[in-house]
Each structure stands twice: as C-alpha cells, then as structure tokens.
Amino acid sequence: MLKKELPKAYNPADYEDAIYAQWEKSGFFNPDNLKGDPYSIMMPPPNVTGVLHLGHALENSLMDIMARYQRMNGKKVLLLPGTDHAAVATQAKVEKVLVEQGMKNPRQELGREKLLEKIREYAEDSKSTILKQIRKMGTSCDWSRLAYTFDEARGRAVNEVFIKMYNDGLIYRGNRVVNWSVKGQSTCSDDELVHVERPAKLYTFKYAKDFPIAVATTRPETKLGDTAVAVNSKDKRYKKYIGQVFKVEVGAAKPLEIKIIADENVEMEFGTGAVGVTPAHSMVDFEMFEKQKAKGDNIGLVQVIGQNGKMTEAAGKEYAGLTVLEAREKFIDWLNKEKLLEKEEDITQNVGTSDRFGDAVEVLPMTQWFIDVNKKIPNKDKSLKDLMREAVTIGHNGDDKQKVKITPDRFAKVYLNWIDNLRDWCISRQIWWGHRIPVWYKKEEIYVGEKEPGDGWKQDEDTLDTWFSSGLWTFSTLGWPASAKATADKPVKTSDLKTFHPTSWMQMGYEILFFWMARMILMSTYALDQIPFKDVYIHGMLRNEMGKKFSKSSGNNLNPLEVAAKFGTDALRLSLISGIAPGNDSKFYEEKVEGARNMVNKLWNISRFIIGNNQLPITNFQLNAKKITLADKWILSKISWLIYETSINCLENYQFSQAGEELRIFTWNDLADWYLEISKFEDNKEKEEILIYILSELLKLWHPFIPFVTETIWQEMGNKGLLMVEKWPDRKGSDFNFKVSVEFDLIKDIIIAIRNARSGNKVEPAKKIKAVIYAGKQKDLIDSQVHLIKGLRTGISELKIKVSGEKISGAIYAAVGDIEIYLLGAVDAEKEKARLEKEISNLEKIIKAAESRLANKEFIDKAPAEIIKKEKEKLKGWQAELKSLKSK
RNA sequence: GGACGAUUAGCUCAGAUGGUUAGAGCGCCUCGUUUACACCGAGGAGGCCGUGGGUUCAAUUCCUACAUCGUCCACCA
C-alpha cells in the first residue's frame, strides 16, 4: 500500500480549490446524476449589491451541511444556487457611486437605458464575485441550474403571475396613499420602512378660534390638508358635533371643510381625545377616509405635499413651493399669531425611513399597483391572507402534508401576527432596475400582457417590487411556467417542478421572514396550489464581539473569505455553526475560528497517525476484527452511539451545533486522547482494523461540516471514490453498550488517579468508590485494568492488585516505588451504606409517585398513550436500579 | 401599547419532554523535552442556572409575577 508522508499541519490552501474542482467535475452536484428520493433546497439568492458577508457564509454552511448529509443518505439532492437583482438596493447603490463620482442626478443625466447599462455592469460584476465566493465556501450546489431573479426565465414567471393575479382581480391599480422616498423618488412597501426614533415637537392647536375641538400633531404642515376631525362616538364632550362640518381658513388654497366624524379607534383619554384627519398624508387617516367613503361619506382628500417633498398649490399661495420644514415653521408662526396654539411639548417619535435611501418617507396619495390581500380569490372563497395563514396553521387547503413547519416554532406566531396587520401590498416602484410592469397603455385603453399588443402602445414606466420576483423563487427556478423553457437563457427542465417542488428545506434569517418567507408562501400557494417548502429553519443574526451587527457602513465588516484564507474554509464553516441555536443571534469572533481550525488539524493528525502506522490496506474497508479488548468494545460502542446521535438526534432535527459538539467530543476526547494512546501499546491487527474502520466512519460523519479536510484525508487513505457520495454510516444506536462504557470510564478514573498521584496532585477517592464495587466482581475487568494501567503512560510496570472479600469489596491498589496509591479501596463502609440507603429511599419515593400516577384512573384515561408508555418504561428502569442497589 | 427572545463558569454560548454529579470552547492556575498533533498532552480551580411566589415526592427546567437587556410589530394623532 501507499505510505505517504503527510505534512504535520493541515494547510487548507493546498487542497481546497482542487477538491472543489474535483467535486464539480464528478457531476454529483447535479441531481440528474444521483438516484433516490428527491431532496431540494433553494439557496436564498444573495443580492448583487456587493460581496458575500458572514451571514451568507453561515447560510451556505447550513445549506451545505443539509445537502451533503442528505446526499450521503442516498437522496437525489438539488441545492440550487442563484442571485437576486435586488431592485431598489442595487439601483440605490449604483446611483450613490455615480453621485460620489460627481454626477448630480444620474437618472436625469444618463436616462433610463444608460443608467440601466451601468447598473447591469455593476450587477454582473458583483454576481461573478458572489458566485466565486459560494464556490469557495465549498457549497455543493448544482451550477447547471444557476438562476438569477432578473434573467429571462424568471422574467417569464414574473409576468405570468402578474397577469394571472390581474385577471383574478387581485392586482389592481389604485389611488391610495403610499410611502414615498423623496430622495429615491420611488415608493416603498410598509415592510421596507426602518423606524427611527427621533425627538419631535407635539403641537396642540385649534383650526380657528370658534372651532370647538383642539387637535394635536407633530406635522403641522400637513394640517393644511385636513378634511376631518375624528372623535370617539362615546365621547360626551364631542358627541354633539359628530356630522357637523366647519369651514376654517388656515391659509390653504381653499378654506378647509372639516367634518367631525366618529371612529372607535380614537382614544378619549389620549391628548385632546380628537384626531385631525389628513387622509392624503397618513396611512391611518387614509383608512378612516376609506371607511367613511364606504359609508357613502366622502370627506375629501387634499394633497398638500408633492413628490418633490415640497408643498403643493393646494397648500395655498403662501406655502406652495416651500419645503416641509419651512412650511411647518410658517404654519406655527401663523398659529401663534392667531393665538390658536395651545400647547407645545417635546416628545420622541418613531419616523419611518426608507430602508435603501435613508430619508424619512412622506406618505402621499398616488396611483400605484397593489396586490389585494383581502379579496377573495375567484372560485376559492379564500383571500391571499387566508392562504398565507393556512400554510402554517392547518396546512394548505387543510392538508396536513402541505404545512410549513417553522423551526423554531415561535416564529409562526410572529408571522401570523404580521398577517393580521397586513395592508394591501404596493408592488410598483418608480425605479428602473427591475421587472417592468407588463401593462400597456394606449390613450384610455389598458392591456395587460407580456408583449405590446400593437403599434402605439406604451408600457408602464414602473417596475415591480423586488420581492415580487423573490417570492416566486422556489418554483421560478424549476422551470415554471413551462413556456419559460423556450426563452430561457439557460436550459430549464420543466420536469424539475414535479420532482423538486415543494422544496424540502429552506433556511433564512428572521429579518426576512415577512419580506420573503411570507411572499413565497403567498406566491406559491396562489400560483401553484402548493406550499413552497415543507420545513423552514430560521437562523439568528451574527454579531461582532460587541454585539453589534456586522455592516459595511459601520466599518466592522469581517470578510468571510479573508477568514477562510487565514484558517481554512472548514474551520470557518465549523465555527459558524458552533454554539448557535435556531433563531438566536450569536457573536462571532476570530478566536472561535481558531478553535475550529485546531479541531480540523486534530482530525488531520489523527488520520496522519492512523494512515502512517497502518500495515493493512485501508481502502474498501470492512470491519472484521475478532479478538477484541475492552477498549475496542468501548470505542466501537461509542462510535455507534455517535452515528445515532449525529444523524437522528441532531441533523434530523436541525441541531447543527449539537452535532458538531458530539463529533468533537468523540474525535478529541475519546478517540485521540484514549483510544489512539491505547493503540500504541495494544498494537495488533485487530486494532489496526478498528482504527481504519473508526476513521472511515468518522470522516463520513464529519464530512457535511468540514468537507474539504475530510475529502482530502479520504483520498490520502487511498480510497477511489469521493467521500462526498459515500453512504452515510448505518444508524445502529442500539449497538451502544452501556456496561462497556461504564467499565471503561472506571479505568479512565483509575488511570487519572494514578497520574495525579504521581504528579503530586491530590486524589479524590469519593468519586471512585462506586466504581470499585462494580469492578470487584469481574476478573476480566480487573485484568484489563491492569493491562491498561501498565500501558497508558502511568509509568507503572508493576501493579499489585488486591481483591478482597467482604470488608472492602474489590479494592485496587497500585504500588509505584514507595508510593502506595490509595485508589479505590478502603471503602468507608458506613458512608457507603448511608449513601446507598439515601439513594434507595430516593428511588423508592420516585417509584411510589410513579406507581400512584399509573394507578390513577384519570391519568390513564386522559394522558396520551405515548406518555403512559414512557412513564411505564421509566418506572421499569427505576425498579431495576432499585433492585441492583438493594442487592449491594 | 402589543408580541417575542435573553438572563447558566471570568468571557462566548450550548442543554435538560422535570430525576441522582448542569456542559463545551476560550481564558486562568499547576505539571509535562512521550516519535499523530505545541494548531499538543495531563490535571485543576471556577456555577444559590436573574429575583420572588406557585405546581410537584422532586424545579435551573413547567406556571406566575417582577427586574434588567434586546428584537419585532403597531403607532399617540
């Protein structure tokens, strides 16, 4: 066999690229080359606004662990990669760059086509960097199915859904108030707002001296557009005014006609108990306006702020053209002059700002495209909201199999709460980078369709909210709609949809729960009548040592590729998934990666030792050891347990951190620290066989987490095939031998005690007493103890064993020179007896309680069968324990 | 205002459907020139599991109240 001298330390850079190339070339990233049940994961497409950050690195690690695990378990795994054009984000970013380069207004100066060209260049550049980075992370995705939210195939899907929704009456064009970013000159959805707390002034005033009700506002300038005052109908002070209209002159173009209306949402106790209603510049007020309108009462809507952020003509001659702030001052001056201002208070206020452009948004009435989330879908008697709710509660159409399982489940509550507050979704944007709305106009005519219907038609200028296309991601990537195939820039297999949808597993950060998860559920249940994924794992955010978010703007961005270059991709991956719990934020810092790097190196050196010392052929290995010792039994028992733990308990339940922990404990504390040491003096054919077996299985278990180093070692062993597609070890959890484990732990204790004694450390016998009683009854065990104690770096060559009968039940003494080590013997009979008695009485109590519970008829009748079964099992265990205790 | 999360070793964090001795990594202390590894080895110290109450034979775990920190949603006009 081949004996290669491996370097002392594992140097990732020497192997990673070649290994990835090998994987890719093998074709096993592509499910078409795999057999078995389909298993699909759609990569959340990173925005083409920049490069990958640590969050992406975490996501890639999580997805790849699942993909590799499932692949090794014989699944036909599709991990589909892609990128997102990130409409507003990308355009905002490029515009910012252009402005920094000296352009004043890129949109005006370049025009639509040229600006789009610039953005496209930027996006393509960013995209290619991102794709390289994904490779670098070792992600085993199918590059042949690479998708982009803004490519032709995805564009087809977008149009198809838009048209379908329009025809179903779910998409409408309406004049409603929207969030408007003056800086970005575009709308944004409610979810795109970032609320910032700011100090503000709250003014209480009356519109006129003879106006009966005072109102309060932080935005006096908008009051030029008030059309009503809302009060609670139960409010005795104001009840008499309800329905009356007051004409007041405040300086606007026309005198305001303020109608007093009733609204149950107005709190009587707060402020003056009355609200000045500005339908044009407040979401809530607009809703009141609509409510009144539905009752047949049009209170009117006056827009006093324009899209340029300046006051309109309607605000009056004095005000038109002023900025919002100038107008505010002017209005306050006027109120003061007229002695209408009653109060001025300092308060803090939450202001909605544009996520991408950063300015405080203005609420304005505009004609935009909306998705109606409350309207019943034709032939369904359900609204989109209903669909979104159903998917996580009773399952789509009440089908339990079509239910999205959210891990951790508390996010289901957050999600449902969000749906309750959801307003119609404004989907049109006035930016250019994005899917253009497939609607055409010719004079008064309107046509909704993919291509212009003939001469003289003009397409809608607006583009779609980027989440519209992201919402289709799970199926637009799988060849939906079928016609996408013809025009796709890449061949798309339409059969994919049938095979891989609903997708098996999805992961994402909680910050895009509403943006993305909700929209995917909406789109998929509506368009396909299927949930988008069965399982969704929500991860937390990564923060730096100070607990701050990593962000480019704050300059504390850690580049995952630099970390990977320094410590290796495996170390980065392992450190990212260590110590995390689903949905919880975690801190990330370099020391963590260092620890993971050390782990990787440890595995490398274990392998180096096993490969280097072995005389047997180590490929295609089958365990056949016949003569085995206690240590052999122990390690085989342990790895059997490890296989069970990592597969069933951890990975099947998305306990990634736990899996890594279990693997590390076995590898370092059990295998390296004990078994490898034992193998140095119990050197025989059986040991070698077992070592190869253990290493092979261990590499498989580690592979999803640290794919590069495991694959490298696998090949250094001389294996022909790729570890990536090796069969996952059989889960024979039952092979775990508790007795052997206890016996071996005893030996460990003895050896540790000897080492302590020799190094002058104190011995604590209490812990060992229990063990010795156990040992005393077994000749074999004593022999193996002697053997191991002699062998394992204790410096002991002579061992005096004394097994006594009654007084000391099985004590072991080890004599080293003139030191007589008092290890396990000399059981203090009294103490031991007391201890046993306490334990027995404790157990008896427990058993009694359990028995009475099982005897309770109510409990038997009402408790689920499973619980009763468990209770019985527990009871049995306790009873057995009690018996064994009593026998002592 | 509503909801959710966190509170466990010096630091960063796991964990237990309630059960005998609560874990890891890092850090710290002592020891170690062993041929897989100093990216190492051996050992050790260090915890009223946030506070009060309740349920229970048994609570750090379940319930409840509170405190502190954090997040999301709604926004009071």
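Values below: all heavy atoms of this structure, side chains included; hydrogens, waters and symmetry mates excluded.
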Residue pair A:Phe588 / A:Ser575: nearest heavy atoms and the distance that separates them: CE1-OG, 3.6 Å
Sugar-phosphate only, base, or nothing, as touched by A:Trp668 at under 4.0 Å among non-hydrogen atoms: sugar-phosphate
Any side-chain heavy-atom pair of A:Phe411 and A:Lys413 under 4.5 Å: no
No-H, no-angle donor-acceptor pair, A:Glu677 side chain to B:A36 base, under 3.5 Å: yes
hbond_proxy A:Arg597 side chain to B:C39 base (donor-acceptor, 3.5 Å cutoff): yes
Shortest side-chain distance from A:Arg608, nucleotide among B:A24, B:C39, B:A36: B:A36
From B:U12, B:C4, B:G41, nucleotide with atom closest to A:Lys413 side chain: B:C4
Whole-angstrom distance between B:A22 and B:U64, as gauged at atom P: 28 Å
Exercise: do A:Asp420 and A:Asn417 side chains pair donor with acceptor under 3.5 Å: no
A:Gly276 versus A:Asp285, closest heavy-atom pair with distance: O-OD2, 3.5 Å
Sugar-phosphate, base or nothing in reach of A:Thr218, heavy atoms under 4.0 Å: sugar-phosphate
Sugar-phosphate, base or nothing in reach of A:Asn350, heavy atoms under 4.0 Å: base
A:Arg410 vs B:C4: side-chain N/O to OP1/OP2 distance below 4.0 Å: no
Minimum-distance nucleotide (side-chain atoms of A:Asn421 versus B:C73, B:A77, B:A14): B:C73
Proximity to the side chain of A:Asn598 - top-ranked nucleotide from B:A74, B:C72, B:C39: B:C39
A:Glu342 and A:Thr204: side chain donor to acceptor below 3.5 Å: no
Listed nucleotide nearest any side-chain atom of A:Asn605, set B:A6, B:A36, B:A77: B:A36
Sugar-phosphate only, base, or nothing, as touched by A:Arg219 at under 4.0 Å among non-hydrogen atoms: nothing
Sugar-phosphate only, base, or nothing, as touched by A:Ala230 at under 4.0 Å among non-hydrogen atoms: nothing
Sugar-phosphate only, base, or nothing, as touched by A:Asp673 at under 4.0 Å among non-hydrogen atoms: sugar-phosphate
Nearest heavy atoms of A:Gly273 and A:Arg237, plus distance in Å: CA-NH2, 4.0 Å
B:C37 OP1/OP2 closer than 4.0 Å to side-chain N/O of A:Lys602: no
Minimum-distance nucleotide (side-chain atoms of A:Asn584 versus B:C73, B:C75, B:G5): B:G5
Proximity to the side chain of A:Glu267 - top-ranked nucleotide from B:A77, B:A36, B:C39: B:A77
Residue-phosphate contact under 4.0 Å: A:Arg543 side-chain N/O, B:U71 OP1/OP2: no
For atom CG of A:Asn265 and atom P of B:G1, their distance in whole Å: 18 Å
Ring centre gap for A:Phe331 and A:Tyr203 strictly below 6.0 Å: no
Of the listed nucleotides B:A14, B:C13, B:A36, the one nearest the side chain of A:Lys587: B:C13
Sugar-phosphate only, base, or nothing, as touched by A:Val277 at under 4.0 Å among non-hydrogen atoms: nothing
From B:C73, B:A14, B:A36, nucleotide with atom closest to A:Ser657 side chain: B:A14
Residue among A:Tyr415, A:Tyr510, A:Tyr654 satisfying side chain to side chain contact (heavy atoms under 4.5 Å, CB included) with A:Ile538: A:Tyr510
Stem list, RNA chain B (Watson-Crick or G-U pairing under 3.5 Å, at least 3 consecutive pairs): B:1-7 with B:67-73, B:10-13 with B:23-26, B:28-32 with B:40-44, B:50-54 with B:62-66
Test side chain to side chain donor-acceptor pair (under 3.5 Å) applied to A:Gln658 and A:Glu661, A:Gln655, A:Glu662, the passing residue: A:Glu662
Sugar-phosphate, base or nothing in reach of A:Ile665, heavy atoms under 4.0 Å: nothing
Distance below 4.0 Å between A:Gln349 side-chain N/O and B:A77 OP1 or OP2: yes
Touch class at under 4.0 angstrom, heavy-atom based, for A:Asp585 against every strand present: nothing
